[in-house]
Amino acid sequence: MTEEIIIAGFGGQGVLSMGQILCYGGVMQGKEVSWMPSYGPEMRGGTANCTAIISNQQISSPVLTEFDTAIVLNQPSLDKFEEAVKPGGLLIYEVNGMTRKPERTDISIFSIPAYDMSVKMNNTKVFNMIVIGGFLKVRPVIELENVIKGLEKVLPERYHHLIKLNEEAIHKGMDIVKEESAAV
Amino acid sequence: MTEEIIIAGFGGQGVLSMGQILCYGGVMQGKEVSWMPSYGPEMRGGTANCTAIISNQQISSPVLTEFDTAIVLNQPSLDKFEEAVKPGGLLIYEVNGMTRKPERTDISIFSIPAYDMSVKMNNTKVFNMIVIGGFLKVRPVIELENVIKGLEKVLPERYHHLIKLNEEAIHKGMDIVKEESAAV
Amino acid sequence: MAENNIISPENLVYEKTSVLTDRVLHYCPGCGHGTAHRMLAEVVDELGIQGDTIGVAPVGCSVLAYYYFDVDMQEAAHGRAPAVATGIKRTMPEKYVFTYQGDGDLAAIGTAETLHACNRGENFLIVFINNGIYGMTGGQMAPTTLPGMKSSTSPYGRDVVTMGNPLKMTELVAELPGTCFVTRQSVHTPANARKTKRALKKAMEYQKQNKGTCFVEIVSNCPSGWKMTPAESNKWMEENMFPYYPLGDIKVPS
Amino acid sequence: MAENNIISPENLVYEKTSVLTDRVLHYCPGCGHGTAHRMLAEVVDELGIQGDTIGVAPVGCSVLAYYYFDVDMQEAAHGRAPAVATGIKRTMPEKYVFTYQGDGDLAAIGTAETLHACNRGENFLIVFINNGIYGMTGGQMAPTTLPGMKSSTSPYGRDVVTMGNPLKMTELVAELPGTCFVTRQSVHTPANARKTKRALKKAMEYQKQNKGTCFVEIVSNCPSGWKMTPAESNKWMEENMFPYYPLGDIKVPS
Amino acid sequence: MARKGDVVINIESCKGCEVCITACPNQVLALSNEVNSKGYHYVMKVNSACVGCANCAVVCPDAVITVYREKRKQ
Amino acid sequence: MARKGDVVINIESCKGCEVCITACPNQVLALSNEVNSKGYHYVMKVNSACVGCANCAVVCPDAVITVYREKRKQ
Amino acid sequence: MKDLRLMKGNEAMAEAAIRAGADAYFGYPITPQSEVIEYLMRENPAERTGMQVLQAESEVAAINMVYGAAGCGKRAMTTSSSPGVSLMAEGLSYIAGAELPCLVVNVVRGGPGLGTIQPSQSDYFQAVKGGGHGDYKLIVLAPATVQESVDYVKLGFELAFKYRNPVMILSDGIIGQMMEKVELFEQQPRLTEEFSWATVGKKPDRDSVIVTSLQLQSEEQEKVNLRLQAKYREVEKNEVRFESYECDDAEYLFVAFGSCARITRKAMEMARGKGIRVGLLRPQTVYPFPYDAINKLAGQVKGILSVEMNAGQMVEDVRLAVNGKTTVKHFGRFGGMIPSPAEILNALEQKIIGG
Amino acid sequence: MKDLRLMKGNEAMAEAAIRAGADAYFGYPITPQSEVIEYLMRENPAERTGMQVLQAESEVAAINMVYGAAGCGKRAMTTSSSPGVSLMAEGLSYIAGAELPCLVVNVVRGGPGLGTIQPSQSDYFQAVKGGGHGDYKLIVLAPATVQESVDYVKLGFELAFKYRNPVMILSDGIIGQMMEKVELFEQQPRLTEEFSWATVGKKPDRDSVIVTSLQLQSEEQEKVNLRLQAKYREVEKNEVRFESYECDDAEYLFVAFGSCARITRKAMEMARGKGIRVGLLRPQTVYPFPYDAINKLAGQVKGILSVEMNAGQMVEDVRLAVNGKTTVKHFGRFGGMIPSPAEILNALEQKIIGG
Ligand SMILES: Cc1ncc(C[n+]2csc(CCOP(=O)(O)OP(=O)(O)O)c2C)c(N)n1
Ligand SMILES: Cc1ncc(C[n+]2csc(CCOP(=O)(O)OP(=O)(O)O)c2C)c(N)n1
Ligand code: SF4
Ligand code: SF4
Ligand code: SF4
Ligand code: SF4
Ligand code: SF4
Ligand code: SF4
Ligand SMILES: [Mg+2]
Ligand SMILES: [Mg+2]
């Protein structure tokens, strides 16, 4: 099993830590993982993305041009990465702020209104955990328990009381993710 | 014709300019020349030497380990360069301040009391011209007229009135140079 | 709302100078670099020297200054802008030359080049943006970082015993006979920005008169590096930076 | 002649310290480097810290200082002695560390390292031999060369307009909070040499107390570079160097 | 009496830093709830108290604001 | 009255710079006409006026001079 | 118990330095490696192990601080990226000349000049042929994983002290920035040994120690050089490290190092999938270079493709190894561009198989 | 009328710079080349031609001053020796990256580190493989005579402007310090041309000029690199220069450059005297290197000896040229030692003929 994921969005959306959490979960599950951020121009602002790979074998290249899954959280990221999903692959997008829908017909496309849900949960910080939930629902590459274990590793001790909330957010994400068109 | 000369002595004895004057004379006579100083450690004091080569052909190496002629003006230089004269070659030494005589028997050896003569001439600055005179007497590789022409090139205009004096010193040197032992 | 007829060419009192290009600045919201750029560009505009000005951009957040100033510019290696400007001014003595440098660029790696250009009294203008941090590389400690101030390389606050003291380059270069005009300003309020502009204009005029090096420090904010909102950063700057780096002229030509 | 019996061990009042080796110094006749070496060696001797002292030699005439000081020493790249000493002192904080640097080394190529070591208040001693010239490389202009002074790269005299002004590094580093003791001395008369020694001793004592950087400038002669006899050079130094570089303490610990 | 002024805001290049808001002596400016294409809440006029002093424009890091002011009657 | 002193000169390491000569309050020292093996005219004592003040030794760049002085009678 | 973590290459190197018992780190920030000093400052190793960490005023100062600490026999290191490493050229030459041990990491970005901060391998020549002046060599380790980054910090210090020679880790923006699983070795004690060549304070029973690269006499300098060359021959004999993949039956060969070797390995797998019998040799030390291993394979394969994230640098060493025995070609992307496995496979097909 | 003089290599280069119409010289003293700036200061070219001469505070400053002047389209130069040239590594990489023309002279001395001030050729790698970071090349001219030192100053500026690339003259202590007959070319006018790529003040009818080596996007940086590589291929096609002596009937071949080639030529004459048919190929450009010429001769000779005043650097380029066609060996003295013709001949006999 190898799952090659690109996660892309604005800088503040927690894109980089989503990748890290998935990878740490992978480690907990005894998998090989690699995480590679876009480290942009030495300057502020702009978009961010990271590549997360979770696999049973040793990982050759941490840098990819094609992905099994693209998780895109804003319009520029959809524009950039829709084409990079392998035929038969998966695209998950956050609906808020998209001005157009994905157009590919040869991949699975899911949407997730994670922002709205986070507002409903009264905590926009869990936004990215909701998205993770959505992804894991569609591609259960890591068991929830390991994701939580990973989270424990990533979060400093003093934030461990938030783990419950995050777990809840994951579940919400699993609930609200929705298939948009089923190609293949 | 190729004459390969090493001139060696204390820093203040005009060793470097002797080589330059000979070389400039060579240029005036249409010869190929090269002059190479010892540029010592980046520090003060000590001995100085230069290699002067005058030839009818293009000069391959400006740096030599064996010489046709060695002109040595102090004891350390005699110690260092006596052995470097090619068999059949020439060694000229300034008598003053030598604690021993040259020992080679397979080369021509000449002495020149140039320092005493310069004192006699009331001008120790012409010391090195006296030595040049001695050398040219033994090895007339350059005509006197060209040496003088070279001198005109080396000396700044404002010192040109000294040229007569230098010419005189050369003649004196030709007079006082003396064969010490005639080996070969 | 104001009557629409106010907005007509004859009523225009302020617009972006054409010496700034129309590119969107890449700086973070509220960053003083933009205002500093504009003040300098307005001076070039008002003196009518756009065609006679050559700028030198540093390595730092303002590395792309050449995209914004519509004058010929060179991008210097980190810290070497004063040396590059020396090469320019010595061979183009009739041009107006300026460098624009951050505090890492000018006061850390470029210390020697800065001091020696000032000491030679090179006839150009050094604009020194002191935001107490390495903005571009992600908020590391600069030579000008305040005691106790946090940065990514002084996460527990600058400890002057092990990390050294904030360096007042401006006071130092004022000691050198080569500098002609040395001043410290800011651009975070309209009044300060206008003062800065006047200082920059004076500096260009002195340059014309070959009076020596002019050195204009602009104490500025770095909301991103300081991890504050722009408003917080300006307030923090007033309360913490200004006491250490007091504004005002330090040396004026006699 | 004095009676021979004066020369006996119990009457000994002055002899070469054993902290100087017996090698013949390579310096030119009358060069102040030798006296400066001896004063420093005597301090190390008297404080009994020969085994706890680590020196840093520069690139300059004193590059071979390690042949003369009988203490462990490192030879630094040109200008970098303060950085090398930082590396030493930070990892060997209980040792007495000093650098010994010429004016080319310290005030030209090493400007940044000098200033930043002083600004960090590194706990070591910088001995700065200011002879107004690059002695080792054959008498080129130094940052400290006086206006109008001739050198092989200012053959018609230093023109401050094109070549810059003499740089008073000592006054500059005195401005930095990191320095604890900053003084300017000379070694060309017995009285001055003794004063220098006292200054060096104080500096070592401050180092023991971790007070920050001590900086001892010694204005010195370079008979060869200046093209004078030793006596002429000392007189010239008094008449020309001292007015520009006045002797005395510039900063003393409070 | 202060003359009347007005400002034109280049919404697309505004980064919502609020520096101009602080600088306006007459509280003319405020952030909009809307965002521009870069995702920034941009500045807008909220009243007609503008006197054309240009303070806002002078401190705006992004050169967003153009200022107009009625000519003084001669 | 000044105590008596004496100096011992390491002739071979003297460079004849004359700095000591200038420094001596009692004109005890002068350059010899002879040269040492390095070719330098070296310093020598020319009278017995030495008081052992060590001035010469202190300024000598080449650490050539050793100084002795009579002990004060106790 | 294994200390298994998910770490960035840069941070992992910083942690490895603490654990390797490093005495001092001196460095100046530069992307893409500033995390090293940031991590160290956060960890405050002065408390953990006594290790000193100082942000220097420049890379020039940093490398000379390393010189000073190394001269005292301390485990000293610095890290930087391309332009900063260029500024260390003189200092590295001095350290090599004075035969001091130290560790220098170059997390390479695209050049020349300010270039780009994206990953590159275009400092290969600088690292292995000598960016500084004079005849000297750095021992150069090229990690391909975060794990190797960690291991090479430890190995680097060991080799540096074994040979009293500067060691460079030639990393790049990929390895520095990526996170991978990494197993951290246990905390090593800091050195207490007083080396006879180090300035630790003169003892009454020995001459003073002098750390220098200066020799006034050519004869002496030549002796120094001969000693250095003899040492390099030793290094070449003992320290060549490489990995080979699927070389036994290989008809073609890739040579690639560092992050590029990972990508090339994927290309190899793709090629094998298409039935192309291609192997991969990955130098782990690029100095000393695995000349012999490549020379041996050169007799077996029909062609070799040197895959690099540069315009063709290591390919010269590959050619020197092959010495005409078979075709050698270069494929590279550069300026921060990263080749894809597909491109590499394509290059193999075009340049070697079809060429 | 010919202006024939007897001049030191260093001083001759200084005079040549004035005559070549140089606009500016920036430099920092270092043995064995300080005569260059000393001569210029004495000559006061500001009065002769308007050329500016400035003693910089360091080599780092000097090379960046050159950058600034070159960016204005001026003929700018600097000179230094080995440690000083190392300090210029970053600056040279920037100049190459920004595609600016300039002339840099390295009067090489023995390294590594402070080393010795005696002549050496141990900066060959640094000069031709790139001391700085990134994929860039200097055009490197290696004079063997004072005359060539003079001619290469002129040629160097011409090539620098033709290719907008830094040019290095790789001299050494012998060529710099020796005096020889030299014919000086006539005074050339200083440039008045305003280049379109130079910062000379923005004109209303054109965009502002930007001199930079920075590209934020990898795609753009790769384009820059591709342009540079294309330029280097041009240089390699057009600018290879070498001399060969007695190669027609040669059974053996010496390859040597610079001062060492002169000594080797004497060795060749001695060998011919003994009936050994050996020729000499002397690269005048070491980048671009005469690969083809050597490759051709490799088919003819039984062995090649690369003679260098270093521990073996150019020999790698010779091997790359030969590509296994014949034996290649290296002979060198180093650390300031100069080989004698007899030693060289002996090395030929031992390593090549007898080997
Ligand atoms: C030789 C070199 N060292 C380090 C860097 C990395 N670097 C880029 S900008 C910078 C500091 C920027 O800080 P500052 O000069 O204060 O400018 P700011 O971004 O704060 O405006 C550093 C260290 C570099 N590009 N080159
Ligand atoms: C990087 C480098 N640049 C230049 C030199 C040449 N150099 C050696 S010593 C020196 C200056 C010496 O002058 P100073 O520091 O004043 O010492 P002094 O000899 O006067 O005591 C120079 C420029 C060098 N060795 N290394
Ligand atoms: S990082 Fe700081 S200095 Fe740089 S643009 Fe952002 S706010 Fe301005
Ligand atoms: S050159 Fe000058 S500084 Fe150097 S030893 Fe001689 S007199 Fe002293
Ligand atoms: S100051 Fe400028 S950028 Fe900031 S909010 Fe106001 S208009 Fe927008
Ligand atoms: S011009 Fe003056 S009054 Fe009008 S909005 Fe701007 S700051 Fe306010
Ligand atoms: S001071 Fe010393 S070296 Fe100079 S003359 Fe006197 S004894 Fe000799
Ligand atoms: S000790 Fe004093 S009195 Fe005696 S020689 Fe020396 S200086 Fe003169
Ligand atoms: Mg800053
Ligand atoms: Mg000096």
Side-chain angles (χ1 to χ4, degrees), chain B residues 2 4-7 15-44 46 48-67 83-84 86 142 146-147 149-156, chain H residues 2 4-10 29-35 42 81 83 107 109 114-119 144-147 172-183 245 256 259-270 280 282 307 309 333 336-344:
Chain B
T2 296
E4 297 172 337
I5 312 162
I6 178 92
I7 311 174
V15 162
L16 301 185
S17 55
M18 282 172 67
Q20 288 181 12
I21 292 164
L22 285 175
C23 284
Y24 239 121
V27 174
M28 294 300 127
Q29 200 157 316
K31 301 208 177 274
E32 299 298 320
V33 302
S34 92
W35 172 94
M36 178 79 199
S38 69
Y39 59 103
E42 280 178 297
M43 29 207 52
R44 323 285 107 232
N49 70 63
C50 71
T51 304
I53 308 177
I54 298 158
S55 178
N56 292 336
Q57 299 120 279
Q58 206 183 318
I59 294 165
S60 301
S61 170
V63 180
L64 303 167
T65 44
E66 286 188 340
F67 305 90
E83 286 310 309
K86 292 182 200 161
I142 310 164
N146 285 321
V147 176
K149 274 197 208 151
L151 207 55
E152 279 167 12
K153 280 271 189 178
V154 174
L155 281 181
Chain H
K2 292 202 297 180
L4 192 70
R5 303 212 198 159
L6 183 69
M7 284 185 104
K8 262 199 172 192
N10 286 335
I30 184 169
T31 309
Q33 66 77 52
S34 300
E35 292 86 358
R42 271 198 317 276
S81 178
V107 182
R109 57 191 244 180
L114 190 49
T116 172
I117 58 171
Q118 301 303 322
T145 62
V146 174
Q147 185 65 54
D172 64 50
I174 296 177
I175 310 287
Q177 291 293 326
M178 78 185 292
M179 280 184 140
E180 268 188 329
K181 229 157 64 173
V182 58
E183 197 183 320
Y245 311 92
S259 61
C260 194
R262 301 172 65 118
I263 304 167
T264 306
R265 192 167 164 196
K266 182 136 186 170
M268 178 191 79
E269 287 163 10
M270 288 163 67
L280 165 64
R282 175 172 76 88
V307 188
M309 286 172 357
R333 294 296 300 269
M337 295 301 289
I338 298 163
S340 71
E343 278 176 301
I344 296 171

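- Between the side chain of R262(H) and the backbone N or O of S60(B) there is at least one donor-acceptor pair closer than 3.5 Å.
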Yes or no on side chain to side chain contact (heavy atoms under 4.5 Å, CB included) for K8(H) and W35(B), after CA distance, side-chain angles and deciding distance?
-> CA-CA 9 Å; K8(H) 262 199 172 192; W35(B) 172 94; 3.9 Å; yes
So K266(H) and E66(B), salt bridge (Lys or Arg N to Asp or Glu O under 4.0 Å) or not? Walk me through it.
-> CA-CA 13 Å; K266(H) 182 136 186 170; E66(B) 286 188 340; over 6 Å; no
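- If you tally non-hydrogen atom pairs under 4.5 Å between each of R5(H), Q177(H), R265(H) and chain B, the highest count goes to Q177(H).
- Proximity to chain B (any heavy atom under 4.5 Å) is restricted, for I338(H), to the side chain, taken from C-beta onward.
- Here the straight-line distance linking atom CD of E180(H) with atom CD1 of I53(B) works out to 9.0 Å at 0.5 Å rounding.
- Contacts between V63(B) and chain H at a heavy-atom distance below 4.5 Å involve the side chain alone, from C-beta outward.
- Taking SG from C50(B) and CE from M178(H), the interatomic distance works out to 12.0 Å, rounded to the nearest 0.5 Å.
- Within the model, atoms CD1 of I59(B) and OG1 of T145(H) stand 11.5 Å from one another, a figure rounded to the nearest 0.5 Å.
- Contact annotation for S34(B): both backbone and side-chain heavy atoms come within less than 4.5 Å of a heavy atom of chain H.
- Atom CE of residue M36(B) and atom CD1 of residue I175(H) lie 8.5 Å apart, to the nearest 0.5 angstrom.
- Using a distance-only test at 3.5 Å, with no hydrogens or angles considered, a donor-acceptor pair links the side chain of K181(H) to the main chain of K31(B).
- To the nearest 0.5 angstrom, K153(B) atom NZ is 10.0 Å from L6(H) atom CG.
- For Q58(B), the part lying near chain H is the side chain, with the backbone staying farther off; criterion is any non-hydrogen pair under 4.5 Å.
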